[in-house]
Colleague: 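Below you will find the structure I want to go over with you.
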Number of protein chains: 2
Amino acid sequence: MQKEHNLSKNQKIIFDLIDKSRGPMKAYSILFNVQKKGIKAPLQVYRALDKLVEIGKIHKIESRNAFIACQNSSCQVSKATAFSICESCENVSEISNSKLSKYLSNFSDSSGMKYSKYNLEFFGLCKKCKSK
Amino acid sequence: MQKEHNLSKNQKIIFDLIDKSRGPMKAYSILFNVQKKGIKAPLQVYRALDKLVEIGKIHKIESRNAFIACQNSSCQVSKATAFSICESCENVSEISNSKLSKYLSNFSDSSGMKYSKYNLEFFGLCKKCKSK
DNA sequence: CTTATAAATGTTATATTATTACATACTGTT
DNA sequence: AACAGTATGTAATAATATAACATTTATAAG
Ligand SMILES: [Zn+2]
Ligand SMILES: [Zn+2]
Ligand SMILES: [Zn+2]
Ligand SMILES: [Zn+2]
């Protein structure tokens with residue numbers, strides 16, 4: 001069950017924008033889009049993004065410096081994320097595969113490290129781009 | 001067998017620096033360190049980094065915007081990378097685990113995407129930091 | 001209701017990371 | 001020698017992210 005987070009004003013504005021977007025959004029593109037709603041400075045955007053990432057409502061696509069709404073209802077926190085990224089059209093989707101997440105969450109090696117979080121990004125060509 | 005790449009002057013200077021470093025290095029820290037060798041501009045650094053990444057001599061740690069020498073002799077190209085990152089001391093090491101790499105290289109799902117590359121970053125506490 | 005505390009906001013300035021554009025030089029091949 | 005591909009030099013600028021400080025709002029005790 002997803003914990004209900006009462007988003008603040010700025011958080012809600014920014015989450016709604018990202019959630020409605022068809023793909024990942026970059027911070028300054030977000031900023032541009034919310035200026036009419038009174039959010040004027042980069043820091044206001046980054047603060048909201050940080051919080052939204054922290055509570056798992058959005059994820060950062062590290063290789064793209066972009067943010068996407070969580071597409072996985074069972075993803076309470078951003079501790080185990082996997083994405084597929086098309087290198088041609090830049091379409092991104094969150095992978096929801098219980099075998100994969102189980103495998104990675106249980107992964108351990110001889111290094112003595114205790115893993116508490118992972119992020120995986122797969123790259124390739126999506127169906128559409130493959131057939132071009 | 002690793003293909004022998006004849007690194008150019010700038011590529012060699014920058015690879016040697018990263019290879020000798022104890023941890024991942026950031027681009028502008030690299031720049032600072034090689035200025036005495038005549039590399040003056042960011043672009044000279046980024047061009048060498050791009051090439052070194054392309055041929056698999058170094059990898060980019062996406063979540064840190066930093067670069068580390070390949071620690072895995074069998075890693076010919078940067079198409080299948082996995083790292084463990086300590087969130088306390090920021091120590092990074094490349095994971096070389098054939099089961100993991102086999103599992104991820106063979107991963108496919110119903111999305112119709114053809115995956116040709118992946119990057120995985122595990123986060124946690126290293127042995128030292130755990131016991132503090 | 002008052003006080004205390006944490007969380008969020010507003011604002012300005014600045015730091016950090018990365019690329020565009022253009023000119024020149026080097027390297028290997030025919 | 002001519003060509004193609006790769007690498008370099010340089011200046012300017014774009015894109016991404018954080019520091020510092022003042023103020024306001026929300027939440028919870030007492
Ligand atoms: Zn998610
Ligand atoms: Zn595509
Ligand atoms: Zn490697
Ligand atoms: Zn550590």
Side-chain angles (χ1 to χ4, degrees), chain A residues 3-18 21 23-68 77-78 87 90 92 119 121, chain B residues 3-18 21 23-68 77-78 87 90 92 119 121:
Chain A
K3 182 173 181 314
E4 185 55 44
H5 281 281
N6 294 314
L7 300 182
S8 73
K9 177 171 146 282
N10 288 0
Q11 289 158 15
K12 186 157 184 359
I13 291 170
I14 286 170
F15 174 72
D16 286 346
L17 177 66
I18 297 172
S21 153
M25 292 195 75
K26 308 200 127 210
Y28 277 71
S29 151
I30 292 168
L31 175 58
F32 178 79
N33 275 277
V34 297
Q35 275 176 333
K36 48 183 170 288
K37 304 216 174 183
I39 295 175
K40 297 177 196 162
L43 192 47
Q44 295 176 290
V45 172
Y46 281 106
R47 283 198 285 225
L49 290 174
D50 284 351
K51 186 67 184 188
L52 292 167
V53 166
E54 186 193 325
I55 65 181
K57 301 280 287 180
I58 65 171
H59 305 300
K60 182 171 187 181
I61 310 300
E62 293 287 357
S63 66
R64 300 298 187 259
N65 296 321
F67 301 85
I68 192 171
V77 282
S78 297
E87 288 185 300
E90 291 295 325
V92 173
N119 179 56
E121 297 181 3
Chain B
K3 181 171 183 313
E4 185 56 44
H5 281 280
N6 295 316
L7 300 183
S8 72
K9 175 171 147 284
N10 288 1
Q11 288 160 14
K12 187 161 185 351
I13 290 169
I14 286 171
F15 174 72
D16 286 347
L17 177 66
I18 297 173
S21 152
M25 292 195 76
K26 308 199 125 207
Y28 276 71
S29 152
I30 292 168
L31 175 58
F32 179 80
N33 276 276
V34 297
Q35 275 176 333
K36 48 184 172 285
K37 304 215 171 180
I39 295 175
K40 296 177 198 163
L43 189 49
Q44 295 175 291
V45 172
Y46 280 106
R47 283 198 284 224
L49 290 174
D50 284 351
K51 186 69 184 184
L52 292 167
V53 166
E54 185 192 326
I55 65 182
K57 300 279 288 181
I58 65 171
H59 304 302
K60 182 171 186 181
I61 310 300
E62 293 286 358
S63 65
R64 300 299 186 259
N65 296 322
F67 300 85
I68 192 170
V77 281
S78 297
E87 288 185 300
E90 291 294 324
V92 173
N119 179 56
E121 297 181 4

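Just the heavy atoms: all of them, side chains too, but no hydrogens, waters or symmetry mates, feed the values below. Quick note on labels: first sequence line is chain A, next is B, and so on, each numbered from 1.
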Colleague: If you measure from CD on A:Gln44 to CG on A:Leu31, what distance do you get to the nearest 0.5 Å?
Modeller: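 Interatomic distance, A:Gln44 CD to A:Leu31 CG, rounded to 0.5 Å: 8.5 Å.
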Colleague: Using whole Å, what does the distance between atom C1' of nucleotide D:dT8 and atom CG of B:Asp50 come to?
Modeller: 14 Å
Colleague: B:Lys9 side chain N/O closer than 4.0 Å to the phosphate oxygens (OP1, OP2) of D:dG9?
Modeller: yes
Colleague: Provide, to the nearest angstrom, the distance between the CG atom belonging to B:Leu31 and the P atom belonging to C:dT17.
Modeller: 11 Å
Colleague: Between D:dA26 atom P and A:Asn10 atom CG, what is the distance in whole Å?
Modeller: 12 Å
Colleague: If only atom types and distance count, is the side chain of B:Glu121 paired as donor or acceptor with the main-chain N or O of B:Glu62 below 3.5 Å?
Modeller: yes
Colleague: Distance check needed: C:dA7 P versus A:Ile55 CD1, whole Å only.
Modeller: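 For the pair A:Ile55 CD1 and C:dA7 P, the rounded distance is 13 Å.
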Colleague: Checking all strands, does B:Lys60 fall into the base, sugar-phosphate, or nothing category for heavy-atom contacts under 4.0 angstrom?
Modeller: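 The residue B:Lys60 makes sugar-phosphate contact but no base contact.
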Colleague: Could you give the CD-to-P distance, from B:Glu62 to D:dT16, as a whole number of Å?
Modeller: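 Rounding to the nearest Å, CD of B:Glu62 and P of D:dT16 are 14 Å apart.
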Colleague: Please check the phosphate of D:dA15 (OP1 and OP2 only) for any side-chain N or O of A:Tyr28 closer than 4.0 Å.
Modeller: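 Checking D:dA15 against A:Tyr28, no side-chain N or O comes under 4.0 Å of OP1 or OP2.
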Colleague: Taking DNA chain C as the partner, which of residues 35-45 of chain B come within under 4.0 angstrom of it by heavy atom?
Modeller: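 Of all residues in residues 35-45 of chain B, the ones placing a heavy atom under 4.0 Å from DNA chain C are B:Leu43.
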Colleague: Closest nucleotide of DNA chain D for A:Arg47 versus for B:Asn65: which of these residues is on the 5' side?
Modeller: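 Between the two, 5'-proximity favours B:Asn65.
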Colleague: Under the salt bridge (Lys or Arg N to Asp or Glu O under 4.0 Å) rule, collect the residues that match up with B:Arg47, sequence neighbours excluded.
Modeller: none
Colleague: Any side-chain N or O of B:Ser8 below 4.0 angstrom from OP1/OP2 of D:dT8?
Modeller: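 Looking at the OP1 and OP2 atoms of D:dT8, one of them is under 4.0 Å from a side-chain N or O of B:Ser8.
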Colleague: Just verifying a value: how many Å separate B:Asp16 CG and B:Lys37 NZ, rounded to the nearest 0.5 Å?
Modeller: 7.0 Å
Colleague: Supply the atom-to-atom distance A:Ile18 CD1 to A:Phe67 CZ, rounded to the nearest 0.5 angstrom.
Modeller: 7.5 Å
Colleague: Reading nucleotides 24-30 of chain C 5' to 3', which nucleotides get B (base under 4.0 Å from a protein heavy atom), which S (sugar-phosphate only), which -?
Modeller: -------
Colleague: From B:Leu52 CG over to B:Ile14 CD1, what is the distance, rounded to the nearest 0.5 angstrom?
Modeller: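 These two atoms lie 7.5 Å from each other.
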Colleague: For A:Lys26 and C:dT17, what is the distance between atoms NZ and P respectively, to the nearest whole Å?
Modeller: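 Roughly 15 Å, once rounded to whole Å.
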Colleague: Please identify which of these residues, B:Asn33, B:Ile30, B:Leu17, meets the side chain to side chain contact (heavy atoms under 4.5 Å, CB included) condition with B:Val45.
Modeller: B:Ile30
Colleague: Nearest whole Å is fine: how far is C:dA18 C1' from B:Ile30 CD1?
Modeller: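 Spelled out: CD1 on B:Ile30 to C1' on C:dA18 is 13 Å.
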Colleague: Does OP1 or OP2 of C:dA7 have a side-chain N or O of A:Lys51 closer than 4.0 Å?
Modeller: no
Colleague: Any chance you could measure B:Asp50, atom CG, to B:Ile55, atom CD1, to the nearest 0.5 Å?
Modeller: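 So the CG of B:Asp50 and the CD1 of B:Ile55 are separated by 11.5 Å.
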Colleague: Could you measure the distance from the CG atom of A:Asn65 to the CE atom of A:Met25? Nearest 0.5 Å is fine.
Modeller: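 One gets 14.5 Å once the value is rounded to the nearest 0.5 Å.
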Colleague: D:dG9 C1' sits how many Å from B:Tyr46 OH, rounded?
Modeller: 18 Å
